[in-house]
Amino acid sequence: MTSLTFWKPGTAGPGSSLDRATEQEGNIIQSAPSSFSMESQRERLPIAKHKMKLLHCVEKYPVTIVVGQTGCGKTTQLPQYLMEAGWAADGNVIACTQPRRVAATSVANRVAAEANTTLGDKVGYTIRFEDVSDKTRTRIRYMTDGMLFRETLVDPLLSRYSVIMIDEAHERSLYTDLLLGILKKILRKRPSLRLIISSATLDATQLLNYFEASNPPDMATIISLEGRMYPVEVSYLQDPVADYVKKAAEVAWHINLESKPGDVLVFLPGREDIERCLEELVEMIPVLPRGAPQIIPLALHAGMSTEEQLRVFNPAERNTRKIIAATNIAEASVTIDGVRYVVDCGFVKIRIYNPTTTLASLATVPVSAASATQRAGRAGRTAPGVCYRLYSESTFNSLSPSTPPEITRTDMTTPILQLKSLGIDDLMKFEWVSAPPSESVLRALESLATAGMIGEDGRLTAVGEKVAEFPVDVNIARMLLCSKDFKCGEEILTIAAMTSVQDVFVIPEGAPGAIAELERRKFTAEEGDHLTLLNAYNAFTRYGRSSSWCKSHALNFRTMSRAVSIRAQLKKYMSRFGLPTESCQGDAKRLRQCLVSGYWRNGARWVDDGTYRSVKGNKILHVHPTSVLFTRKPRSGWVIFHELEETKKTQVRILTEIEPDWLLDYGHKFYSKHEAA
DNA sequence: GAGCACTGC
């Protein structure tokens, strides 16, 4: 065991990088504040002394950018100040968007309590599948950014809102960026609308410039608020390490031996690293000196069940210390109080999209400075803390300031279809906060054109209009529309819902993993994965949608329940468009033909070595091992697939066997119809 | 014969 060689540059005080942490309160468990002292608590928040100034700015400027730090209270207080000042009078509504569902619900809960109202009455929230708000009574509405974006499709000027607050704007989620672009347009048509953008980083000047560009002066202003966090001392490693997982385990071990009480949170990029780190720790436990706190090793990542995730919140008993190895989920989504030590390996996994190859992949990259700062801040929520960075201070200084906005690294097909549906046809003139790569826009336009969603004039076709409304990807929406011709709406709805969720099958480690594999095979359909998913869903509903049944059949209960909700939602769209949801009565051929109408661009041909070649581009494709076609050659030699992802190899997931001529027969349906018209 | 951060409609 080596001893720690950290260099301590001193305590981070006001004005340090820690000022930029966010006030996200997305914890899974959150005790409601006692109503007894609520009023005085509100008055003691740092934001309280800026109340008059904030209200003045909102009165005067169409756009107010609020830079606020952790715990300053902007998310909970600002909408209430606005309501008290009369911004929600005369039927007006104040909206506050959040990038995550949990945040929207938990914040709404707290504010409803503070405002002494039942949740869903004066204060409510709206997320997909849950609208806890009242059309006429709700004055403050917390919602996901995706939900507000969707609302623009119905009400392009968002006319019911007097003030729209885009919270956590520094995260730059896809829908936050799209909303900001649209809101800049809306403001020109509705000068009375007020926009508040809340950001935790100083990137705020970029947003200020964005709203001031080609607008009259006095358009926007910035207000900075102090936070209410404990100081966190930051320590760096002097030399780089070869194995950050091992080092992270060592550092956590030393913290346990040498530091005052407080839990340890270790940030690692992925599940595999987390498991290895905890194994290293567990192996050392037998040599733990007498008198040292017992180590409670815990993992936290999105792949775990809710039940498993909740374990990190159990308070550590006397003379024990929790060491939690987590992914980025602990950076903003989940807040664990009691953490006083953070170990930051300096890496994160992000999704990358390559518009040239149209391939998505996951890459492990260095964290951004903003992200590293946010991680450090996790040590100072309830008491002063320490953050150990497993890299040098010069490395920290060379980190990019923030993670590239999602809009620059994602497939733009669906967003562009939606923008077109809003009447934004000239994408080159659209004022992006950060423009997506032009290659990405071109690819999206090209794929929309070949799918028959936009015509030669670049405008939406009648089919495109419908597809833009469906809350699923273009391929899937196309398949749902075609189900009418193949008389299989019932089954296609289920398949659409099941392909919209991830990780249907649970794969535990070791021996249980093999058993889970056998359970999974019980649902196997000869024809491929789409029908296998259909079988799993039907069995789930047949056996009462029970969680214990899921457990014994290696299915993820949370995922399955979500698929049920999605299916119900899609079914409503089907009836709105007058599409029947009849059953194919077991005619798998018709079902597979319908699949081709959605996935016609994702065709592939089997070759002798067990790999496939894509119809488009003749690329070498490997079957993902979770596919039922992993070990089996399809009789016809041809398949369509749901998605393609680049890992070490290019892999395809969710395959179904087809006849090759179907690709021509059913693929170009909308395109040729449009051409003929 | 192999694994995958996180969100959202």
Side-chain angles (χ1 to χ4, degrees), chain A residues 24 26 97-104 126-131 143-154 168 171-179 267-275 300-304 326-334 345 347-352 360-365 367 371 403 405-407 409-410 414-415 417-418 421 467-474 476-477 496-497 500-503 505-509 513-514 516-517 562 565-566 569-570 572-573 610-611 622-627 629-632 643 645-649 651-653:
Chain A
Q24 182 67 53
T97 69
Q98 298 292 322
R100 279 174 293 281
R101 295 156 54 94
V102 273
T126 306
I127 60 178
R128 190 183 188 181
F129 307 129
E130 274 176 68
D131 184 7
M143 59 208 298
T144 48
D145 49 14
M147 208 67 207
L148 187 63
F149 179 78
R150 186 143 282 269
E151 207 169 322
T152 62
L153 296 178
V154 185
E168 309 294 344
E171 288 191 25
R172 302 294 299 277
S173 78
L174 174 63
Y175 288 111
T176 286
D177 267 38
L178 291 172
L179 275 173
F267 281 101
L268 292 166
R271 177 180 169 165
E272 203 182 320
D273 285 344
I274 286 170
E275 276 159 10
L300 180 64
H301 54 80
M304 293 161 54
T327 61
N328 238 19
I329 193 171
E331 198 183 290
S333 306
V334 177
C345 79
F347 289 94
V348 66
K349 273 188 181 173
I350 62 167
R351 218 180 158 75
I352 298 182
S361 60
L362 273 170
T364 303
V365 298
V367 291
S371 189
T403 311
E406 192 183 356
I407 203 165
R409 48 188 178 85
T410 196
T414 305
L417 180 70
Q418 288 168 333
S421 173
V467 169
E469 280 192 54
F470 266 112
V472 285
D473 285 340
V474 173
I476 308 287
S500 297
V501 294
Q502 283 150 22
D503 304 318
F505 296 101
V506 189
I507 307 169
E509 275 193 282
E517 179 70 23
R562 194 166 165 80
S565 305
I566 294 176
Q569 189 191 35
L570 295 178
K572 282 186 199 156
Y573 280 92
T611 63
H622 297 262
V623 180
H624 197 276
T626 52
S627 170
L629 290 178
F630 184 63
T631 48
R632 210 161 48 75
E643 62 182 1
E645 197 174 60
E646 198 159 41
T647 50
K648 283 167 203 154
K649 301 178 282 195
Q651 286 184 328
V652 283
R653 291 181 55 224

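Numbers restart at 1 for each chain; the letters A, B, ... are given by sequence-line order, proteins then strands.
As judged by a 4.0 angstrom heavy-atom cut-off over every strand, Ile329(A) is placed among residues touching the sugar-phosphate backbone only. At a threshold of 4.0 angstrom between heavy atoms, the contacts of Gln651(A) are confined to the sugar-phosphate backbone, with no base atom among them. Using a 4.0 Å heavy-atom distance criterion, Arg653(A) is classed as a base contact. Heavy atoms of Ile127(A) sit under 4.0 angstrom from primed sugar atoms or phosphate atoms, though from no base atom. The residue His624(A) sits close to a base: some heavy atom pair falls under 4.0 Å. Among the heavy atoms of the strands lying under 4.0 Å from Phe630(A) is at least one base atom, whether or not backbone atoms are also near.
Between Thr327(A) and dC6(B) there is a side-chain polar atom (N or O) within less than 4.0 angstrom of OP1 or OP2. Between Thr144(A) and the phosphate of dC9(B), there is a side-chain N or O to OP1/OP2 separation shorter than 4.0 Å.
Residues Pro625(A) and Tyr175(A) each lie close to DNA chain B; by heavy-atom proximity, the contact nearer the 5' end of the strand is made by Pro625(A).
Between Glu645(A) atom CD and dC6(B) atom P there is a gap of 14 Å when expressed in whole angstrom units. Here the P atom of nucleotide dC6(B) and the CG atom of Leu268(A) are 13 Å apart, to the nearest Å. Glu275(A) places its CD atom 10 Å from the C1' atom of dG3(B), with the value rounded to the nearest Å. The CD atom of Glu643(A) sits 14 Å away from the C1' atom of dG3(B) (whole-angstrom rounding). The CZ-C1' distance, from Phe129(A) to dC9(B), rounds to 8 Å in whole Å. If you take CD of Glu171(A) and C1' of dT7(B), they are 9 Å apart, rounded to a whole angstrom. Counting to the nearest Å, the C1' atom of dG3(B) and the CD1 atom of Ile274(A) are 14 Å from each other. Summarising the geometry, the separation between CG on Leu300(A) and P on dA5(B) is reported as 12 Å, rounded to the nearest angstrom.
Using modelled atom types, one finds no donor on one side chain facing an acceptor on the other under 3.5 Å when comparing Ser421(A) with Glu469(A).
Of the candidate nucleotides dA5(B), dT7(B), dC9(B), dT7(B) has the atom nearest to the side chain of Glu406(A). In the set dC9(B), dG1(B), dC6(B), dC6(B) carries the atom at the smallest distance from any side-chain atom of His301(A).
Summarising the geometry of Phe129(A) relative to Gln569(A), their closest heavy-atom pair is CE2-OE1, 3.5 Å, with the distance given to 0.1 Å.
Applying the salt bridge (charged side-chain N to carboxylate O under 4.0 Å, His left out) test to Glu406(A) and every residue at least two apart in sequence or in another chain returns nothing. Residues satisfying the ring-ring contact (aromatic ring centres under 6.0 Å, His included) test with Phe347(A), not counting sequence neighbours, are Tyr244(A).
One distance of note links CD of Glu151(A) with CG of Leu179(A); it measures 10.0 Å at 0.5 Å rounding.
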